[in-house]
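Atoms within a ligand are numbered from 1 in the order they appear, just like the ligands themselves.
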Amino acid sequence: MQCNPRYEILFEPVRIGPVTAPNRFYQVPHASGMTNALPRVRAAFREAKAEGGWGVICTGACSIDPSSDDAPLPFATMWDGNDIRAHALMTEAVHRHGALAGVELWHGGASVMNRTSRLPPLSPSGIPWMATHVGFMGNLRPKTMDRADIRDVLKCQTEAARKARTAGFDIVYVYAGMGYLGYEFLLPEYNNRTDCYGGSIENRVRFVREMIEVTKDAVGKDCGVALRVSLEELRGRPGRNQLSEAHELVALLADVPDLFDVKMDSSPTDCSASRFTGEGSHEPVIDFVKSLTKKPVVGVGRFTSPDTMVSQIRRGVLDFIGGARPSIADPFLPNKIREGREAEIRECIGCNICISSWHDGVPVRCTQNPTAGEEWRRGWHPERVERADTPERILIVGGGPAGLECALTLGRRGHEVTLADSNRTFGGRLTFEKTLPGLSAWNRVVDYRLARLDEMSNVSLYAESALGADEIIELSPDRVVLATGARWTNMLYSSLEIPVGRLDHPDVFTPDDIAGGRLPQGPTLVFDFDNYYMGGVLTEHLAAHGIPVSYVTPAGQASAWTIMTNELPLVHRALARRKVAVTTLHLLKSFDGETATLAHLFTGEETRVACRSVVIVGLRLPRGELFETLTERADALADAGIRSVDRIGDTLAPGAITHAVHSGHKLAREIGADIRWQPYRRDTPIVDAVADFDMRTAAE
Ligand code: ADP
Ligand code: SF4
């Protein structure tokens with residue numbers, strides 16, 4: 001198939017200073033959780049995107065000096081020769097596919113706690129970021145930078161830029177966003193200096209200007225020099241000569257960098273979840289940049305629609321379509337557009353599980369793309385799977401995320417697949433969850449897979465087909481895969497923070513009851529110790545149905561784990577807007593149809609709350625009866641020629657949708673190969689002892 005002529009503009013080359021990007025698809029710097037300790041994992045992860053057609057591939061934050069040390073959060077470094085070697089693996093991999101490689105050189109300023117290096121964090125005026133969430137808190141206050149400190153940081157940037165060029169990078173960044181050092185100079189709250197670096201916007205921009213200038217002096221003949229800058233706050237502040245301070249900044253630096261990479265100021269607004277924010281949400285903040293500079297501009301907005309992308313270019317908002325999450329969910333997005341296969345794009349659902357990986361300090365995971373981070377260590381390609389030597393007849397029971405992904409991957413391997421589900425529609429838990437406030441985009445997990453399955457002649461789908469052990473044995477496939485999901489329970493929770501007992505009462509509900517169409521009556525109390533999205537979103541759902549609802553959790557915040565997905569502040573905002581009373585640090589002890597008794601998690605002090613119904617969002621347990629019955633009938637299975645019965649997804653271990661998709665994919669890759677318990681390949685840092693590395697010398 002051929003590229004739709006309407007989309008051809010996306011494949012025009014664009015100059016960035018001395019280098020030229022082959023097209024307008026630009027994988028902006030984003031965290032991958034792959035530090036220099038996992039150089040091969042990282043190189044393969046980035047290479048997949050270059051192979052898939054992204055014209056520029058960047059690293060995530062790459063520290064220029066030990067005074068920028070974000071541990072235990074993962075970050076890359078450009079401190080020494082080993083770092084050069086580690087990054088060179090990535091640049092070589094990216095260059096193999098004709099893409100440019102960019103490095104996001106970074107100094108974290110006051111936002112890092114230097115827990116490993118134990119150096120004082122640096123900042124313009126000694127002002128810390130007082131994070132409200134424990135994972136981001138630190139108790140070391142930053143040092144006010146004197147002129148020698150400023151000179152030192154400029155020198156570190158110079159040296160890191162030279163190392164970056166030696167490592168083979170084509171684009172070198174100066175970072176002035178997201179609370180990091182350059183940003184702190186720009187924002188008056190952080191910067192109350194009285195020297196030439198503080199006061200007027202001209203003075204506050206000076207440090208960033210000097211960072212760009214030293215980078216250009218160091219590598220500007222060979223590399224494009226990019227400025228990454230957050231404009232959200234500055235856009236809200238009136239300028240003296242321009243509409244806003246953001247306008248002033250761009251006007252002052254219009255000719256200085258070779259590229260502007262523009263973004264929002266904090267992770268929850270910059271990388272906002274689809275539950276609260278739509279595609280293209282940055283535009284109102286960054287739409288003016290191109291009117292003030294002739295340099296190319298890249299920005300993001302969870303772009304997955306080629307029409308939206310073209311509109312951004314044609315309307316003069318952006319020159320490059322920046323992508324972080326869309327490139328993780330579908331590394332082959334550009335190639336699919338170029339080949340007229342845009343219907344095959346595996347669209348990012350905006351769940352931010354990828355971000356949670358960074359907060360967890362581990363390599364990136366993606367709900368839509370189970371191969372993300374597995375390219376090297378498990379050898380999983382995002383688009384290709386190995387054909388099975390001997391195609392088998394495989395029956396999958398359950399068409400939720402796990403069953404759908406397993407069917408798709410087994411089908412691609414050439415197996416004869418039958419997928420049966422008892423429901424009228426495929427989608428499992430998403431059939432209900434997609435109807436909850438803000439979650440409609442999550443159904444892309446189902447839409448993408450069902451559309452691909454529809455095209456496959458070797459996969460048959462049977463809805464409204466509840467299968468028991470007898471039917472399965474009668475069908476006598478070669479193998480059975482159970483993807484029957486999990487059930488929410490009415491279990492309570494103890495002060496030891498362990499699920500205990502059950503609360504049986506006709507007016508106690510679980511999310512499954514509500515999914516089944518049974519709505520609570522009268523004032524309702526939601527008790528949530530699951531801590532991810534379900535408790536908060538169900539509370540919103542009930543409030544939207546006009547049910548007076550309150551929310552109780554033993555955790556310190558509502559939907560506490562959503563701090564990992566950038567959703568937590570917006571969950572609280574949504575609950576506050578619906579006037580939901582939120583009670584934290586409390587257990588639900590009992591309920592008699594009129595009163596719920598709560599107990600403080602730490603003191604045990606009891607409180608009574610009048611309510612007619614209770615919803616418990618707590619422990620999920622596998623729907624495991626079918627597996628148990630089948631394993632009890634081993635002889636009948638053998639007689640029917642059934643070689644294996646496997647479980648995947650929630651019926652194996654209840655988790656998020658990302659776990660189900662990964663589990664379904666993994667089994668489909670490995671079925672019959674008896675390698676399921678083998679560990680993946682283990683990466684190692686590059687150290688001087690590696691003898692076979694061909695070190696390139698800097699072109700000074
Ligand atoms: P996962 O997230 O692991 O994919 P889901 O709960 O989303 O799990 O999906 C499980 C699916 O399995 C549901 O659609 C459910 O209707 C289906 N299912 C469960 N038991 C059976 C059965 N015995 N026969 C057919 N379908 C089943
Ligand atoms: Fe998109 Fe979710 Fe994948 Fe992140 S994890 S890239 S938000 S689908």
of all protein heavy atoms, closest to atom 10 (C) of ligand 1 is Ala483 O, 3.2 Å
Give the numbers and elements of all ligand 2 atoms closer than 4.0 Å to a heavy atom of Gly350.
1 (Fe), 7 (S)
Is ligand 1 under 4.0 Å from a heavy atom in the side chain of Thr484, in the backbone, in both, or in neither?
both
Inspect the contact between Glu567 and Arg573 and indicate whether a charged nitrogen and a carboxylate oxygen are less than 4.0 angstrom apart.
no
What I want to find out is whether Glu232 reaches Lys263 closely enough, with some N-O distance under 4.0 Å, to be called a salt bridge.
no
Protein contact of atom 24 (N) of ligand 1 - nearest heavy atom, named by residue and atom, plus distance
Leu467 N, 3.0 Å
Given the options Ser266, Ser267, Cys271, Met178 meets side-chain contact (heavy atoms from CB on, under 4.5 Å) only with Ser267
For Asn423, take its heavy atoms, then give the atoms of ligand 1 lying under 4.0 Å from any of them.
14 (O), 16 (O)
Is the shortest distance from a Lys or Arg side-chain nitrogen in Arg429 or Asp650 to a carboxylate oxygen in the other one below 4.0 Å?
yes
Would you say ligand 1 has an N or O under 3.5 Å from any N or O of Thr651?
no
Do the rings of Tyr533 and Trp442 sit parallel, tilted or perpendicular, given the 30° and 60° boundaries?
perpendicular
Distance under 4.0 Å to a non-hydrogen atom of Val397: what atoms of ligand 1 satisfy this?
22 (C), 24 (N), 25 (C)
For atom 14 (O) of ligand 1, find the nearest protein heavy atom and state the residue, atom name and distance (0.1 Å precision).
Asp421 OD2, 2.7 Å
Could you name all protein N, O or S atoms found under 2.8 Å from atom 3 (Fe) of ligand 2?
Cys366 SG
Could you tell me how the ring of Phe45 sits relative to the ring of His30: parallel (under 30°), tilted (30 to 60°) or perpendicular (over 60°)?
perpendicular
Does the pair Asp683/Arg377 count as a salt bridge with the N-to-O cut at 4.0 Å?
no
Is the shortest N/O to N/O distance between Leu626 and ligand 1 below 3.5 Å?
no
I want to know if ligand 1 touches Gly427 in the polar sense, i.e. an N/O pair below 3.5 angstrom.
no
Between His97 and Trp54, is the gap from one ring center to the other below 6.0 Å?
no
What heavy-atom pair brings Ser559 and Leu568 nearest, and what distance separates the two atoms?
O-CD1, 3.6 Å
More than 12 heavy atoms of other groups within 6.0 Å of Glu474 CD:
no
Suppose we measure from atom 4 (O) of ligand 1 to each protein heavy atom; which comes out shortest, and what is that distance?
Ala402 N, 2.9 Å
Using a strict 4.0 Å threshold on nitrogen-to-oxygen distance, state whether Asp646 and Arg479 make a salt bridge.
no
What protein heavy atom sits nearest atom 26 (N) of ligand 1, and how far away is it?
Ser422 N, 3.0 Å
Quick test: of every protein heavy atom, which one is nearest to atom 6 (O) of ligand 1, and how far off is it to 0.1 Å?
Gly485 CA, 3.5 Å
Are Arg42 and Glu47 within salt-bridge range, i.e. N to O under 4.0 Å?
no
Test Leu538 against every option in Thr510, Asp530, Val615, Val526 by the side-chain contact (heavy atoms from CB on, under 4.5 Å) rule and name the one that passes.
Val615
For atom 12 (O) of ligand 1, what is the closest protein heavy atom, and at what distance to 0.1 Å?
Gly398 CA, 3.2 Å
Counting heavy atoms under 4.0 Å, the part of Ser465 that contacts ligand 1 is backbone
For Ala660, which part has a heavy atom under 4.0 Å from ligand 1: side chain, backbone, both, or neither?
side chain
Short question: side chain of Ser465, backbone of Asp421 - any donor-acceptor pair under 3.5 Å?
no
Pro401 neighbourhood, listing ligand 1 atoms whose heavy-atom distance to it stays under 4.0 Å:
2 (O), 4 (O), 7 (O)
Pick one: which of Glu405, Glu344, Glu347 meets salt bridge (Lys or Arg N to Asp or Glu O under 4.0 Å) with Arg449?
Glu405
Near Gly649 (heavy-atom distance under 4.0 Å), the atoms of ligand 1 are 3 (O)
Using a 4.0 Å heavy-atom threshold (strictly under), name the region of Ile657 that reaches ligand 1: side chain, backbone, both or neither.
neither
For Ala466 and ligand 1, does the shortest N/O to N/O distance drop below 3.5 Å?
no
shortest atom 2 (O) of ligand 1-to-protein heavy-atom contact is with Asp650 OD2, 2.6 Å
Test your reading of the structure: does Arg429 have an N or O sitting under 3.5 Å from an N or O of ligand 1?
yes
Determine whether a donor-acceptor pair (N or O, by modelled atom type, separation under 3.5 Å) exists between the side chain of Glu104 and the backbone of Ala61.
yes
Within 45° of the axis and under 6.0 Å from the centre of the six-membered ring of Tyr175, does NZ or CZ of Arg228 qualify?
yes
